[in-house]
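Everything on this sheet refers to the single structure shown next.
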2 protein chains.
Amino acid sequence: MKKVSLADISKELGVSKTLVSFVMNGRAKEKRINDEVAEKVLAKAKELGYKADYLARAMRTGKSQTIGLVMADISNTFFSKLARSIENEAAEHGYNVIFGSSDENHRKSGKLIDVFKDKRVDGLIICPTIGDITHIKKLNKERYPYVLVDRYFNEVSSNHVVVDNYNGSFKIVEDQIQMGRKRIAFVNFNVELINMTERFNGYIDALKSYGYKYDSSIVKNVSFKNIEKETYLAMKELMKITPKIDTIYFSNNRLAFLGIKYLFENNTINFKKLKLASFDNYEFMHLLQVPIKFGVQPIEELGKSAVDSIMKQINEESGGVEHVKLPLDISFLN
Amino acid sequence: MKKVSLADISKELGVSKTLVSFVMNGRAKEKRINDEVAEKVLAKAKELGYKADYLARAMRTGKSQTIGLVMADISNTFFSKLARSIENEAAEHGYNVIFGSSDENHRKSGKLIDVFKDKRVDGLIICPTIGDITHIKKLNKERYPYVLVDRYFNEVSSNHVVVDNYNGSFKIVEDQIQMGRKRIAFVNFNVELINMTERFNGYIDALKSYGYKYDSSIVKNVSFKNIEKETYLAMKELMKITPKIDTIYFSNNRLAFLGIKYLFENNTINFKKLKLASFDNYEFMHLLQVPIKFGVQPIEELGKSAVDSIMKQINEESGGVEHVKLPLDISFLN
DNA sequence: CATTTTAGCTAAATCGATTAAGCAATTATA
DNA sequence: TATAATTGCTTAATCGATTTAGCTAAAATG
């Protein structure tokens with residue numbers, strides 16, 4: 001019941017391991033192996049139940065048929081859906097996925113990247129966080145196949161696949177404006193992640209292009225770490241401001257969730273006067289009895305596109321750095 | 001900038017690879033290596049930036065420091081949270097996690113198990129689906145380290161970690177009874193998965209022990225595949241039944257979500273008369289303006305416990321088959 | 001002083017597949 | 001007919017770490 005190796009087959013048939021290896025890798029023709037011999041090898045392999053040892057092969061070829069996935073937190077729906085999409089697309093190419101969560105901590109992501117490289121993943125899909133620039137630069141230098149998803153850095157060239165944060169955000173705010181909203185507050189993360197700043201820029205520019213004045217007192221920035229407390233605090237402050245705001249726009253589903261939770265827990269809110277908007281959603285969101293509008297991230301395409309980029313790089317079909325920007329699905333605005 | 005190997009160190013110092021290997025594995029004392037020599041080796045290793053090659057080591061030792069995780073669908077919150085918990089606990093032990101989704105299809109899970117074994121994962125954490133008995137039996141025969149989570153099979157002995165479905169379900173139904181509900185409908189999956197049948201048994205027995213008569217017309221079973229359509233159909237039928245039901249109890253959060261969605265889309269429902277219950281929840285659930293009560297799965301403990309079981313097996317500290325049954329958190333019933 | 005023990009180290013096999021280099025026999029070409 | 005090309009296959013090195021078996025010299029023992 002123990003493992004069958006190339007050597008076993010070669011011994012039983014009295015041929016060399018080399019020959020068996022060639023046949024098993026489908027290189028019989030190329031290597032001009034006699035058809036009859038090749039067939040015998042295949043038959044014997046089947047009989048003995050031979051399967052190439054993954055580790056031995058990986059060690060020789062340096063290829064592991066595995067992709068490393070580094071995200072902020074797989075238990076977050078956005079990332080778990082992304083992971084699923086990546087898993088599916090990777091499977092199409094015969095690859096598996098090994099994953100790890102960074103919790104937006106670049107020490108963790110750095111460690112994960114190192115371990116995954118150590119395990120010889122053929123490529124890395126990374127949702128980078130602040131401070132990951134160093135790691136990206138290193139990957140660039142080493143020409144290690146990788147692709148960033150959801151976020152990237154202006155300061156360093158990289159393959160990346162992201163959603164069009166700027167235009168998505170612009171349209172969501174524009175929609176509120178067109179609905180007659182006058183004072184649109186914005187709740188964002190206080191970090192320099194490009195997706196977040198782009199959403200902010202979309203907000204600003206939408207206001208501008210409709211002649212609204214930018215009022216920094218109705219823009220709140222909360223931290224990843226104390227997201228719950230700070231979002232609550234931001235909400236509390238926003239509700240007190242005069243003249244009254246009539247829309248709160250959340251730059252992400254998590255913030256929207258917490259904001260809504262706050263509103264429910266402090267149920268003096270009049271939803272005739274206050275509307276909500278969110279850059280992206282949870283599946284549940286439209287069931288909440290709350291006037292909220294949101295975009296929907298093209299998560300599946302993000303994952304698919306990321307894997308495709310990795311595959312191109314692995315197979316060296318890549319024509320240099322690749323930037324993919326997918327539109328936010330705003331069909332739910334109507 | 002290329003990889004530093006044991007041989008590089010041994011050459012530079014004029015000692016054998018064996019010695020270097022011993023030192024690097026902390027076996028210097030045991031192998032009676034001269035302290036000065038050992039120190040020299042460590043210093044040189046640091047200087048050259050030596051890191052043991054994972055594949056070479058894995059090939060020799062047969063250990064990959066990786067755990068394989070097979071679930072129904074990582075994009076489902078239950079599983080993604082479980083995955084996160086498993087990832088964390090595995091990391092504590094220096095392990096990574098490679099994952100795959102079976103979509104409740106035993107062909108897929110079988111393939112995943114095979115591939116993961118091929119990749120020499122040191123253990124498997126499996127959320128099995130119907131038809132996986134064969135694979136479990138095989139793992140038993142091979143004495144491959146594994147543990148089932150969330151589900152298991154009565155027909156075959158296995159290590160498993162599950163929630164106490166029976167008692168959890170019993171208490172949820174009991175709670176409805178104590179609230180004065182008279183006709184409690186049940187929406188379940190139509191599959192022979194033990195977690196689902198146990199939830200059903202809890203429902204039945206709670207009814208019985210309070211002298212309720214079991215009425216099969218208010219128990220609906222839907223399939224995994226057409227979950228959306230069939231749940232809608234079940235809801236439609238339940239709402240028509242007379243005498244009117246006054247509680248719908250969903251055996252899982254997904255069913256509850258779809259049921260609620262149906263109710264909202266057919267908004268003639270009077271929530272003064274109809275209450276809801278669900279075995280487990282979504283984070284959002286209590287924000288819905290719906291009278292729903294639910295249990296909360298001890299997901300983190302499930303994952304932690306599963307990894308611990310695997311670790312015991314890997315380190316051969318396991319004293320035979322292990323069954324863990326964790327209580328459902330019902331604190332939200334109050 | 002002869003023998004045993006111990007300290008300190010190494011050679012070489014091993015895990016299992018891949019592959020560069022090359023050999024022998026046959027066939028084609030000049 | 002001598003040389004070149006092709007067919008069909010093999011030997012042995014290699015990837016990098018682990019580990020068994022064993023060697024030498026010094027120290028301990030009787």
Side-chain angles (χ1 to χ4, degrees), chain A residues 1-42 44-45 48-66 115 117-122, chain B residues 1-42 44-45 48-66 94 117-122:
Chain A
M1 190 63 177
K2 64 165 177 280
K3 271 222 109 183
V4 183
S5 74
L6 274 190
D8 297 325
I9 298 180
S10 74
K11 259 180 227 156
E12 288 222 15
L13 293 176
V15 297
S16 72
K17 285 195 297 171
T18 309
L19 188 147
V20 178
S21 172
F22 286 151
V23 173
M24 296 314 295
N25 286 304
R27 301 172 66 191
K29 279 277 168 296
E30 170 198 345
K31 290 292 175 179
R32 298 169 315 208
I33 310 288
N34 186 309
D35 286 353
E36 281 176 38
V37 177
E39 268 170 47
K40 243 190 256 172
V41 169
L42 290 173
K44 184 55 87 179
L48 299 181
Y50 170 76
K51 270 191 79 179
D53 182 88
Y54 158 79
L55 285 175
R57 169 175 287 166
M59 176 157 161
R60 258 319 301 237
T61 62
K63 301 270 168 238
S64 63
Q65 301 283 106
T66 305
V115 174
K117 271 167 45 183
D118 224 51
K119 295 204 172 176
R120 302 280 177 78
V121 297
D122 296 339
Chain B
M1 189 61 178
K2 65 166 175 282
K3 270 221 110 184
V4 183
S5 74
L6 275 190
D8 297 325
I9 298 180
S10 74
K11 260 180 226 157
E12 288 222 15
L13 292 177
V15 298
S16 72
K17 284 197 298 172
T18 311
L19 189 149
V20 178
S21 171
F22 286 150
V23 173
M24 295 315 295
N25 287 305
R27 302 171 66 190
K29 278 278 168 297
E30 170 197 345
K31 290 292 175 179
R32 298 172 314 206
I33 311 288
N34 187 308
D35 286 354
E36 280 175 39
V37 178
E39 268 170 45
K40 244 190 254 172
V41 168
L42 289 172
K44 185 57 87 178
L48 300 181
Y50 171 76
K51 270 192 78 179
D53 183 89
Y54 158 80
L55 285 175
R57 169 175 286 165
M59 176 158 164
R60 260 315 303 237
T61 62
K63 301 269 169 239
S64 63
Q65 302 283 106
T66 305
K117 271 168 46 184
D118 224 50
K119 294 204 172 176
R120 301 283 178 77
V121 296
D122 297 338

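All values below come from the heavy atoms of this structure, side chains included, with hydrogens, waters and symmetry mates left out. All chains are named by letter (A, B, ...) in the order of the sequence lines, taking the proteins before the strands, and each is independently numbered beginning at 1.
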Residues passing the side-chain contact (heavy atoms from CB on, under 4.5 Å) test with A:R27, sequence neighbours excluded, are A:F22, A:N25, A:E30, A:K31
One would report the end-axis bend of the helix from C:dC1-D:dG30 to C:dA30-D:dT1, five pairs per end and rounded to 10 degrees, as 50°
Here the distance between atom P of C:dA11 and atom NZ of B:K11, to the nearest Å, is 13 Å
B:L19 atom CG is separated from D:dT19 atom C1', nearest whole Å, by 14 Å
Taking C:dT18, C:dC9, D:dA17 as options, the one with an atom nearest any side-chain atom of B:R57 is D:dA17
In whole angstroms, the gap separating C1' of D:dT18 from OH of B:Y54 amounts to 16 Å
B:K29 NZ to C:dC9 P, in whole Å, measures 12 Å
Taking C:dT19, C:dC15, D:dA17 as options, the one with an atom nearest any side-chain atom of B:M59 is C:dC15
When rounded to whole Å, the CG to P distance for the pair A:D8 and C:dT14 reads 14 Å
key: B:K29 vs B:D35 side-chain heavy atoms within contact, under 4.5 Å   = yes
Note: for B:T18 and A:F22 on DNA chain D, the residue whose nearest nucleotide lies more 5' is A:F22
Taken to the nearest whole Å, NZ/A:K31 to C1'/C:dT18 is 10 Å
In whole angstroms, the gap separating P of D:dT18 from CG of A:L55 amounts to 14 Å
- Is there a donor and acceptor pair closer than 3.5 Å between the side chain of A:R32 and the base of D:dT7? no
Which of C:dG16, D:dT10, D:dT19 is nearest the side chain of B:R60? It is D:dT19
